[in-house]
Amino acid sequence: MKILMVCLGNICRSPMAQGIMESMLVDKKLNWVVDSAGTSGWHAGEQPDARAIAAAKEHGIDISGQRSRKMTSRDMEEFDIILTMDSQNYSDVLHTYASDDTKHKVHLIRNLSEPNKNLAVPDPYYDGRFEDVYQLLAKTMNNVLNHLLVEEVA
């Protein structure tokens with residue numbers, strides 16, 4: 001299983017989601033691949049936001065080695081599932097990168113744990129609520145992992 005987490009700048013939400021999921025995969029001894037990207041290239045090559053790094057570190061997860069990158073069309077082919085953080089990310093991925101053959105891979109991340117509610121993972125960049133977003137992502141990632149494990153078995 002190859003999972004791509006996507007947000008706008010790839011410096012807050014998607015790096016934390018990647019780090020949380022990678023940590024869970026280690027705990028479950030699953031050899032899956034997780035990466036993250038942004039729909040914009042504004043921060044290409046940069047580390048995650050220092051506040052995201054600090055929030056993850058508080059929970060024993062080191063995301064400081066990640067580097068922001070812009071999503072590419074190739075990601076649609078390489079990854080089994082693309083998890084977007086909000087409806088704008090979802091729309092941008094579908095309209096910019098997805099084809100009729102790949103659009104089934106794109107999901108609003110919280111819809112995997114709270115189906116059809118179309119709830120966003122809020123962007124903490126401006127309001128600084130990194131711990132709140134970390135907690136929401138941790139809960140969401142647990143539900144997502146359980147969902148993906150069921151899908152994989154089916």
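Ring geometry, His43 versus Tyr125: the interplanar angle falls from 30° to 60°, so the pair is classed tilted.
A salt bridge (Lys or Arg N to Asp or Glu O under 4.0 Å) check over residues 79-90, counting only residues at least two apart or in different chains, returns the pairs Arg13-Asp86.
Side-chain atoms of Thr140 come within 3.5 Å of backbone N or O of Leu136 as a donor-acceptor pair. Using a distance-only test at 3.5 Å, with no hydrogens or angles considered, no donor-acceptor pair links the side chain of His147 to the main chain of Asn143. For Ser23 (side chain) and Gly19 (main-chain N/O), no donor-acceptor pair under 3.5 Å exists by modelled atom type.
Using a 4.5 Å heavy-atom threshold, the side chains of Val6 and Ile82 count as touching. A 4.5 Å side-chain heavy-atom check between Gln66 and Ser36 finds at least one atom pair inside the cut-off. Side chains of Thr102 and Phe79 form no contact here, defined as non-hydrogen atoms less than 4.5 Å apart. Side chains of Ile109 and Met141 form a contact here, defined as non-hydrogen atoms less than 4.5 Å apart. In this structure, Arg110 and Met85 have side chains that are not in contact, with every pair of non-hydrogen atoms separated by 4.5 Å or more.
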Side chain to side chain contact (heavy atoms under 4.5 Å, CB included) evaluation trace for Arg51 with Glu131: CA-CA 9 Å; Arg51 298 167 295 176; Glu131 179 59 27; over 6 Å; no
Working for side chain to side chain contact (heavy atoms under 4.5 Å, CB included), residues Asp49 and Phe130: CA-CA 10 Å; Asp49 186 290; Phe130 284 83; 3.9 Å; yes
Which is it for Leu8 and Trp42 under the side chain to side chain contact (heavy atoms under 4.5 Å, CB included) test, yes or no, and what are the steps along the way? CA-CA 9 Å; Leu8 177 62; Trp42 299 332; 3.6 Å; yes
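Across Leu148, Asn142, Val150, a single residue satisfies side-chain contact (heavy atoms from CB on, under 4.5 Å) together with Asn146, and that is Asn142. Each of Val93, Val106, Val144, Val121 was compared with Leu83 under the side-chain contact (heavy atoms from CB on, under 4.5 Å) criterion, and only Val144 meets it.
Using a 3.5 Å distance cut-off with no hydrogens or angles, the side chains of Asn10 and Ser14 do pair a donor with an acceptor. At a cut-off of 3.5 Å, with distance as the only test, a side-chain donor of Ser64 or Asp62 sits close to an acceptor on the other residue. Residues Asn111 and Asn116 bring no donor and acceptor atom of their side chains to less than 3.5 Å of each other.
To the nearest 0.5 Å, atoms CE (Met71) and CG (Leu4) are separated by 5.5 Å. To the nearest 0.5 Å, atoms CG (Leu108) and OG1 (Thr84) are separated by 4.0 Å.
A salt bridge does not link Lys105 to Asp75: none of the charged side-chain nitrogens sits closer than 4.0 Å to a carboxylate oxygen. A salt bridge is absent between Glu46 and Arg67; no separation between the charged side-chain nitrogens and carboxylate oxygens falls under 4.0 Å.
Ile11 and Ile61 end up in different hydrophobic clusters when Ile, Leu, Val, Met, Phe, Trp and Tyr side chains are linked at under 4.5 Å.
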